[in-house]
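Okay, so here's the structure we're looking at.
Indexing begins at 1, ligand by ligand and atom by atom, following the structure's order. Throughout, numbering of the chain's residues begins at 1 and tracks the sequence. We use all heavy atoms of the structure for the numbers below, so side chains are in, but hydrogens, waters and symmetry mates are not.
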Amino acid sequence: KGSSKPQRMLSYVQRHSKRGDPDSVISTIDIFCRSKEWAMNVGDEKGLILDKLICEANPSIVLELGTYCGYSSLRIARLLPPGGRLFTMEFNPAYAKIAKQIIAWAGLESKIQVLEGPSGDLIPQLKKKHAIEKCDIIFIDHWKDCYLPDTKLLEECGLIGKGTVLIADNVTFPGTPDYLEYVRNSPHYSSQYFKSYLEYSKTEDGLEKSVFLG
Ligand SMILES: O=C(NC/C=C/[C@H]1O[C@@H](n2ccc(=O)cc2)[C@H](O)[C@@H]1O)c1cc([N+](=O)[O-])cc(O)c1O
Ligand SMILES: [Mg+2]
């Protein structure tokens, strides 16, 4: 019964970062992933691009698909304006448990709500259960074959409105070809690729920003 990588990440954070300081927790996770064990966080290079896109949009309601250990939840929530909220969906209970502890350690639990379950079940509940009108930003970083079906589901549920910004991780590596084809060819989206690198590596990757035009 050994520990899991998320468990080792959490204990590294608790040992090496400053409690209540999101920037310290973020940089500590990056050090863990560079010096100890690679992990599928958006990382520091794509993270800087994500930061810029979040600040530009100044969002009130952000939805994240794929919490994992909470790294991008911290990056997003630390930049929200007062009253801003992040809802993040996590399928795996073990990951959700670790993410909640990392989020609490960073002191951002009042801004972040971790929703446990498959996105396909949780998305239709958002309006009624969480009084969400429409999402200002949606950060997509879960299973790569779910990006497109979930985007269509979000459209059907009326959670994507004029001006909603979709930000998708890994559109180059591992790649999300069907999603890219959709947002780049749809007349309802204006799409832009931000070239970068796969987290903690030299492989090319990037973020796709797609604005819903209505
Ligand atoms: O596979 C990748 N990501 C899949 C992430 C999946 C996460 O989304 C959750 N989820 C939450 C809700 C759901 O409905 C389904 C899953 C899963 O429980 C997991 O926590 C990936 C892989 C590489 N890579 O280099 O190989 C790099 C990356 O940046 C990646 O994001
Ligand atoms: Mg990713």
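- Residue-level check: among N/O/S atoms of Asp169, OD2 sits closest to the Mg ion (ligand 2).
- Note: His142 and Tyr147 meet the aromatic proximity criterion, with ring centroids under 6.0 Å apart.
- When the heavy-atom distances from atom 31 (O) of ligand 1 to Thr67, Asn170, Thr88 are ranked, the shortest goes to Asn170.
- We find that Asp141 and Lys144 are joined by a salt bridge, their nearest charged nitrogen and carboxylate oxygen being less than 4.0 Å apart.
- Residue Asp141 approaches ligand 1 through these ligand atoms, each under 4.0 Å from one of its heavy atoms: 5 (C), 31 (O).
- Between the Mg ion (ligand 2) and the N, O or S atoms of Asp141, the shortest distance is to OD1.
- Ligand 1 places these atoms under 4.0 Å from at least one heavy atom of Met40: 2 (C), 3 (N), 4 (C), 5 (C), 21 (C), 28 (C), 30 (C).
- When heavy-atom distances to ligand 1 are checked against a 4.0 Å cut-off, Asp169 comes that close only through its side chain, counted from C-beta outward.
- Every atom of ligand 1 is numbered from 1 in the order shown, and the set under 4.0 Å from a heavy atom of Asn92 is 18 (O).
- At a 3.5 angstrom cut-off on N or O pairs, Trp38 does not count as close to ligand 1.
- Of the candidates Tyr68, Tyr179, Phe91, Phe91 is the only one forming a ring-ring contact (aromatic ring centres under 6.0 Å, His included) with Trp143.
- The closest side-chain donor-acceptor pair between Arg75 and Tyr71 falls under 3.5 angstrom.
- Among protein heavy atoms, the minimum distance from atom 13 (C) of ligand 1 is reached at Phe91 CB, 3.7 Å.
- Using a 4.0 Å cut-off to heavy atoms of Met89, the atoms of ligand 1 that qualify are 11 (C), 12 (C).
- In this structure, atom 1 (O) of ligand 1 lies nearest to the protein heavy atom Lys144 CE, 3.8 Å.
- Every atom of ligand 1 is numbered from 1 in the order shown, and the set under 4.0 Å from a heavy atom of Leu198 is 25 (O), 27 (C).
- The existence of a salt bridge linking Asp23 and Lys18 is excluded, since no basic side-chain nitrogen approaches an acidic carboxylate oxygen closer than 4.0 Å.
- Distances from ligand 1 to the non-hydrogen atoms of Pro174 include at least one value under 4.0 Å.
- At the top of the distance list for atom 27 (C) of ligand 1, counting protein heavy atoms only, stands Glu199 OE2, 3.2 Å.
- No side-chain heavy atom of Ile98 sits under 4.5 Å from any side-chain heavy atom of Glu90.
- When non-hydrogen atoms are compared, ligand 1 lies under 4.0 Å from the backbone of His142 as well as from its side chain.
- At under 3.5 Å, a nitrogen or oxygen of Ser119, whether backbone or side chain, sits near a nitrogen or oxygen of ligand 1.
- Contact check on Lys152 versus Glu156 returns no salt bridge, with no Lys/Arg side-chain nitrogen under 4.0 Å from an Asp/Glu carboxylate oxygen.
- Looking at Thr172 and Tyr193, their side chains do bring a donor and an acceptor atom within 3.5 Å of each other.
- His188 places none of its side-chain heavy atoms less than 4.5 Å from the side chain of Val183.
- Selection from Tyr68, Phe173, Trp143, Tyr95 by nearest heavy atom to atom 25 (O) of ligand 1 gives Phe173.
- One of the N, O or S atoms belonging to Asn170 lies under 2.8 Å away from the Mg ion (ligand 2).
- Look at Leu65 and you'll find every heavy atom at least 4.0 Å from all atoms of ligand 1.
- Nearest to atom 9 (C) of ligand 1 among the protein's heavy atoms is Glu90 OE1, 3.4 Å.
- Side-chain atoms of Thr67 and Thr88 form a donor-acceptor pair, as typed in the model, at a separation below 3.5 Å.
- Side-chain polar atoms of Tyr200 and Asp44 form no donor-acceptor pair below 3.5 angstrom.
- Between Lys202 and Glu45 there is no salt bridge, since no side-chain N of the basic residue sits under 4.0 Å from a carboxylate O of the acidic one.
- If you number the atoms of ligand 1 from 1 as listed, the ones under 4.0 Å from a heavy atom of Pro118 come out as 14 (O).
- The Mg ion (ligand 2) does not have Glu199 among its coordinating residues (no N/O/S atom, backbone or side chain, under 2.8 Å).
- Side-chain contact, Ser191 with Glu208: a donor N or O sits under 3.5 Å from an acceptor N or O.
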